[in-house]
Amino acid sequence: MFQKEQQLIEDKIKEFCQANDIALAELKWQSIPFAGEWGFSTSFFQTAANEAKRGKGAQVPVPQKAQEIAKQVRGQIGSVEGIGHIEAVKGYLNVYFKTSDYARRVVDETLASGADFGRGAPKAETVMVEYAQPNTHHSFHIGHARNTILGESLARLVEFAGFKTIRASYPGDLGLGVITVMWIYDKFYKGQEPEGVHERGQWLLKLYAEATAMLEKKENETPEETAKREGYEAERREMYRKWDAGDPSVRELWKTTRDWSLEELRDILAMLDVNIDVWFYESEVDEPSKSIVDELIQKGIAEDERADGGPVIVKIDEKLGLAKEKYRTAVVLRNDGTSLYLTKDLALAKVKFEQYHVDRSIYVVDFRQSLHFQQAFKILEMWGFPQAEKCYHLSYGYVTLPEGAMSARRGRVALFKEVYAEAARRVLAVEAEKSGNIPAGEREKIASQIGLGALVYSMLSVDNNKDIVFNIDEALSFDGRTGPYIQNAHVRANSILKKSNVTSQTSDVGRSTFDYDLTKQEIELIEQMSQFPQKVQQAAEEYRPLVMAAYAYELANAFHSFYHAVPVLQTGDENVKTARLRLVAAAKQVIANALRLLDIQAPDVM
RNA sequence: GCCCCCGUAGCUCAAUGGACAGAGCAACUGCCUUCUAAGCAGGAGGUUGUGGGUUCGAAUCCCGCCGGGGGCGCCA
């Protein structure tokens, strides 16, 4: 936001150092950690170290030398438009803005840009973010929710940072797990169908758990039990074979049950305000992936061991001549000719780049699949796929329950839908006592916004590579560093504006000059607001919604402090009141923008 | 055996080469006849798992060790 001044000073520093034969290191600008005044700073430690290496002032310790240089530089800069004063402290050069100018610029720019405040300049690249890849014939649990929330927030960040963005979902609609559910349904539950989208979806999960129990080898099985289990297993394999061969009745059963799951998935994505642009399905890349395997065999990359009862494999390490195992050997086709997860990802990459013309492809998938993606991307490279290096696996930690890993087979899962309902229930209980003024009809909607805000924030305020132990009381907490805390700041800002008959949309409350003595709370708030654009870029570049989540809290925190300490409507001075109203409108806007990037709703009342 | 991730306050997490390692929760002290107390203000809490190394400077980078988790030929 203040590149012009920064550039000007940078030029002056360079000029000075050149004239005085000082080996200036690259200038890294950062904000000054102390609150109270705005500015930016740079240090001269590296430059001082450079000088020491050249034998100049070798006796002087680096920090002291850095301070000397900072002092000299400071003396040379003179006055710069918009800059109040400049200090040399502890080896740093601190450049301070004129308070009233800075405040006015931040507030004016925020109100002028509105929902676009912080948006990055358009960039030429198109980025595809693939997330929301639950398996069908299961139900959507809290682990899928983390994946979806992370992917959605990332997509919003990348898009807002200026990239053309395509959101892709890739449900796993085939494989042994899917067939397992179909097998038990066909054998024991044929014709049954629970009422309700979610009931039906969740029922399939129960069938899966039941089927797995039947098919699992038990200790101390009687010969009869073993025979029965082996019979079931043969039936399941046979069904898979029939699916693969395109048997009409099996395909029909598959289509029906698959739709049940997909309906549930679409409903959940709507709750999360996720709008997928492109739907890929494993079943659609199944056939194309097999021809890729043929090609791999022809090119001598893959080895076909099917004649000896083996699968088709790629000995990646061996082909690359690696001494240590790294990529290992990957199976790309079963001995019965059916494809695998890995096989399908080869075909999917091709579709993404060739059909959708993306420049970069991000796969949001938990860290346990790291080897899978390393293998997939490496095989693509060996195959001669030029965009292999543009594929990036965004790995994140997985979600477990306090009692251990979630397990669909054991029926030990925290279903998203149930957590969501519980969240809304808890908010409603709080609303009953605190929000008497909200009409009953509106309360429910707000309750789900706040409840979801808590849940979403708890997922995004942990860095990607950290596992989450899902504790419902912590995830749905409304106090402290939480989603509702940030939403509440938005609500309070709105409350002031409402009482003054000003909204952020009609921000026309007259011009303001901020030429009075600003309180430290106002200064801190404006400081936070001004950082939003760079936080957007950082979060998008690092693929880390956490950066935005942490920022949103800091911003809300600054607003709450301001709200408490600084009167707005009660201010006597009209000029001050006008300026503060504009500040509140601007702050509300930035909070809303930040929440939007986190896929959290910003209600006006709560 | 090989590879990946994690280890920071009692607990959950920030800080990714720079200024005194910061928040929240829990516990403690104050603040609602004043724009919503889902809030604010304050004190307390640390040998950043451990031993070396690189650097003017390391929670951060490199090597070793310890502890926890995950992955490693026909699951997804």
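Throughout, protein chains are lettered first and strands after them, A, B, ... in sequence-line order, and every chain is numbered starting at 1. Hydrogens, waters and symmetry mates play no part in the numbers below; they use all other heavy atoms, side chains included.
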Euclidean distance, atom [atom1] of residue [X] to atom [atom2] of [N] [Å, nearest integer]:
X	N	atom1	atom2	value
A:Tyr553	B:A15	OH	C1'	15 Å
A:Leu525	B:C35	CG	C1'	15 Å
A:Glu433	B:A38	CD	C1'	10 Å
A:Lys535	B:A14	NZ	P	14 Å
A:Leu555	B:A14	CG	P	20 Å
A:Leu340	B:C72	CG	P	13 Å
A:Glu216	B:C75	CD	C1'	14 Å
A:Asn464	B:C13	CG	P	14 Å

Nearest-angstrom distance, [atom1] atom, [N] to [M]:
N	M	atom1	answer
B:C65	B:A23	C1'	32 Å
B:U60	B:G24	P	25 Å
B:U8	B:U50	C1'	14 Å
B:A14	B:A9	P	13 Å
B:G7	B:A59	C1'	11 Å
B:A15	B:C72	P	30 Å
B:G57	B:G73	C1'	49 Å
B:G22	B:G43	P	13 Å

My understanding is that a pair needs two contacts under 3.5 Å, Watson-Crick or G-U wobble. By that rule, which nucleotide pairs with [N]?
N	value
B:C2	B:G71
B:G64	B:U50
B:C20	none
B:A9	none
B:C40	B:G30

Touch check for [X], heavy atoms < 4.0 angstrom, all strands: base, sugar-phosphate only, or nothing?
X	answer
A:Ser561	sugar-phosphate
A:Gly175	sugar-phosphate
A:Glu554	nothing
A:Lys326	nothing
A:Asn335	base
A:Asn471	nothing
A:Gly309	base
A:Val462	sugar-phosphate
A:Tyr398	sugar-phosphate

Kindly indicate whether the side chain of A:Gln46 and the base of B:C56 share any N or O donor-acceptor pair separated by less than 3.5 Å?
yes
Check if the side chain of A:Ser41 and the base of B:A19 share a donor-acceptor pair of N or O atoms closer than 3.5 Å.
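Per atom types, the contact qualifies.
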Both A:Gln570 and A:Ser43 contact RNA chain B. Taking the nearest nucleotide for each, which residue is further toward the 5' end?
A:Ser43
Side chains of A:His560 and A:Arg492: donor-acceptor distance under 3.5 Å anywhere?
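On atom types as modelled, these side chains qualify, holding a pair under 3.5 Å.
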Do A:Arg481 and A:Tyr457 meet the cation-pi criteria used here (NZ or CZ under 6.0 Å from the six-membered ring centre, within 45° of the axis)?
no
Spacing of SG belonging to A:Cys391 relative to CD belonging to A:Glu130, to within rounding of 0.5 Å:
10.0 Å
Measure from the ring center of A:Tyr392 to the ring center of A:Tyr363 and say whether it is less than 6.0 Å.
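No - the distance between ring centres of A:Tyr392 and A:Tyr363 does not fall below the 6.0 Å cut-off.
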